[in-house]
Amino acid sequence: MRVFVAGASGAIGTRLVPQLIDRGHEVIGTSRSPANAGRLRALGAEPIPLDLLDPRAVREAVLESEPDAIVHQATALANVRFSRNMDRTFAQTNRLRTEGTDALLAAARETGVRRFVAQSFASYRYAREGGPVKTEDDPLDPTPPPVARESNAAMRYLDEAVTAAGGIALRYGGFYGAANDGLVEPVRKRQFPIVGDGEGVSSFIHLDDAAAATVLALEHGESGIYNIVDDEPAPVREWLPVLAEALGAKPPRRVPRWLARLFAGEAVVMMGTEARGASNAKAKRELGWELRYPSWRQGFVAAYSSNPPTDGRRSHAAARTTSHSQT
Ligand SMILES: NC(=O)c1ccc[n+]([C@@H]2O[C@H](COP(=O)([O-])OP(=O)(O)OC[C@H]3O[C@@H](n4cnc5c(N)ncnc54)[C@H](OP(=O)(O)O)[C@@H]3O)[C@@H](O)[C@H]2O)c1
């Protein structure tokens, strides 16, 4: 297939492009800078400049590219300043998820493109009731924290618009697998604590596994929503110490809810104490997806053990892995 990837130069896009090419697809990848265009060319894609928030340019780019399929992986999360107001942090990403999705869907309709896959998100979105792990059929949180309402609405908009048009929305877990993953620096600096009892459940996915699932969805997924997460949704109190160890950082601090609410805000308290994780049963069953990193337990070590901590301390997990592999 000739695949048009919007956001091809980002964390997931740069894993996806080589996997698509390996499977024999042709890739047209968008980027807004010559440097990123060069990276895409080196990966084997045909770069095309595009601002997804310019609907006329989106129409022209899709018309000119004549793709068989469109993948929407554009977000605006590089170099954002995280604040307690999630909606402020995600404002541009929310536009890409609403206006950007609309522009791509309109172009797909006009050009008769039938395969459409878009990036959505699984973690922290399911209703905070009942069991800890949710399927795609379970309800979303009807009352997200006020500072995250617009971001939740934008993800819901994308899910609904894409599936109504016959496409696929992939609700990815938290990405990891690159040296500059968002959690790396805060965890190294002990700025990411266990809040309260640490019962909030997170779902993760290694970028390589996320890309593999995306290829399968594109090639033969039925229209609908799929959670693209690993096999082990887990409470913060379990995964955070393992991540800290993999990074060679000191164990995470613990802070009571009231203190976290004061300094970090309601959304962070919700994620740390009440959030639900996601089940990948549907994606495995329907896409025939097999994970290279079924759990963050081995994935964190694989991702970070060759990534020495900045203060020179050695990761215990890395040391264990090295000595194990030498025996
Ligand atoms: N599920 C998750 O946990 C999740 C999801 C997304 C991101 N993240 C994390 O967030 C961090 C930053 O992500 P990232 O490196 O992928 O960067 P990013 O800034 O989120 O960009 C992602 C892609 O979107 C494109 N893009 C941004 N604005 C655009 C626009 N107006 N029009 C068209 N394309 C646009 C970028 O391309 P150009 O700038 O070249 O145009 C890039 O290819 C990473 O650590 C990543 O893992 C996590």
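None of the values given here were measured: they were computed from a predicted structure. In listed order, ligands and their atoms are each counted from 1. The figures that follow rest on heavy atoms only: side chains count, while hydrogens, waters and symmetry mates do not.
Side-chain atoms of Arg59 and Thr111 include no donor-acceptor pair closer than 3.5 Å. A side-chain donor-acceptor contact under 3.5 Å links Arg171 and Tyr126. Between the side chains of Tyr157 and Glu99, not a single donor N or O lies within less than 3.5 Å of an accepting N or O.
Residue Asp51 has at least one N or O atom closer than 3.5 Å to an N or O atom of ligand 1. For ligand 1, the polar-atom distance check against Gln119 finds no nitrogen or oxygen pair separated by under 3.5 Å. For ligand 1, the polar-atom distance check against Phe175 finds a nitrogen or oxygen pair separated by under 3.5 Å. Checked against a 3.5 angstrom limit, the closest N/O atoms of Ala74 and ligand 1 fall outside it. The shortest N or O to N or O distance between Leu53 and ligand 1 is not under 3.5 Å. Residue Leu96 has no nitrogen or oxygen atom sitting less than 3.5 Å from a nitrogen or oxygen atom of ligand 1, judged on distance alone.
Listed by number with element, the atoms of ligand 1 under 4.0 angstrom from any heavy atom of Asn36 are 38 (P), 39 (O), 40 (O). Atom numbering of ligand 1 starts at 1 in the shown order; those under 4.0 Å from a heavy atom of Ser31 are 40 (O), 41 (O). Near Ala78, the atoms of ligand 1 lying under 4.0 angstrom from a non-hydrogen atom of the residue are 12 (C), 17 (O), 18 (P), 19 (O), 20 (O). Close contacts between ligand 1 and Leu52 involve ligand atoms 30 (C), 32 (N), 33 (C) [criterion: under 4.0 Å to a heavy atom]. In summary, the atoms of ligand 1 found under 4.0 Å from a heavy atom of Gly173, numbered by their order in the structure, are 1 (N), 2 (C), 3 (O). Atoms of ligand 1 lying under 4.0 Å from any heavy atom of Leu50, numbered from 1 in the order shown and given with element: 32 (N), 33 (C). For ligand 1, the atoms lying closer than 4.0 Å to a non-hydrogen atom of Ala76 are 19 (O), 20 (O). Listed by number with element, the atoms of ligand 1 under 4.0 angstrom from any heavy atom of Gly7 are 23 (C), 24 (O), 25 (C), 43 (O).
If you look at Phe121 next to ligand 1, the close heavy atoms, those under 4.0 Å, all belong to the side chain.
Among protein heavy atoms, the minimum distance from atom 20 (O) of ligand 1 is reached at Thr75 OG1, 2.5 Å. The protein non-hydrogen atom at the shortest distance from atom 39 (O) of ligand 1 is Arg32 NH2, 2.8 Å. In terms of protein heavy-atom proximity, atom 37 (O) of ligand 1 is nearest to Ser9 OG, 3.0 Å. Given atom 7 (C) of ligand 1, the protein heavy atom at minimum distance is Leu77 CD1, 3.5 Å. Counting protein heavy atoms only, atom 45 (O) of ligand 1 is closest to Gly182 N, 3.8 Å.
Among Ser202, Ala35, Ala11, the residue whose heavy atom sits closest to atom 46 (C) of ligand 1 is Ala11.
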Original post:
Going through the distances and angles, do Asp68 and Val3 end up as a side-chain contact (heavy atoms from CB on, under 4.5 Å)?
Top reply: CA-CA 6 Å; Asp68 304 303; Val3 186; over 6 Å; no
Subject >> Intermediate values then yes/no, side-chain contact (heavy atoms from CB on, under 4.5 Å), Leu170 and Gln119 >> reply: CA-CA 5 Å; Leu170 299 179; Gln119 175 184 149; over 6 Å; no
Original post:
Should Arg2 and Glu26 be marked as a salt bridge (Lys or Arg N to Asp or Glu O under 4.0 Å) after you check the CA-CA gap, both sets of side-chain angles, and the distance that decides it?
Top reply: CA-CA 5 Å; Arg2 208 168 142 71; Glu26 269 176 81; 2.8 Å; yes
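With respect to Arg125 and Asp159, a salt bridge is recorded, a charged nitrogen being found less than 4.0 Å from a carboxylate O. Salt bridge present: Asp231 and Lys284 bring a charged side-chain N and a carboxylate O closer than 4.0 Å. Using a 4.0 Å cut-off between charged nitrogen and carboxylate oxygen, Asp208 and Arg15 count as a salt-bridge pair. Salt bridge annotation for Glu219-Arg23: present, with a cationic side-chain nitrogen under 4.0 angstrom from a carboxylate oxygen.
Atom 9 (C) of ligand 1 is never approached by the protein to below 4.0 angstrom, counting heavy atoms only.
At least one donor-acceptor pair under 3.5 Å links the side chain of Ser223 to the backbone N or O of Gly167.
Residue contacts with ligand 1 do not include Ala6, since none of its heavy atoms lies under 4.0 Å from the ligand.
Residue Leu207 is grouped with residue Trp289 when hydrophobic side chains (ILVMFWY) are merged at heavy-atom distances under 4.5 angstrom, including chains of intermediate members.
Aromatic pair Tyr293/Phe300: centroids not less than 6.0 angstrom apart.
Relative orientation of the Phe192 and Trp239 rings is tilted, given thresholds of 30° and 60° on the angle between their planes.
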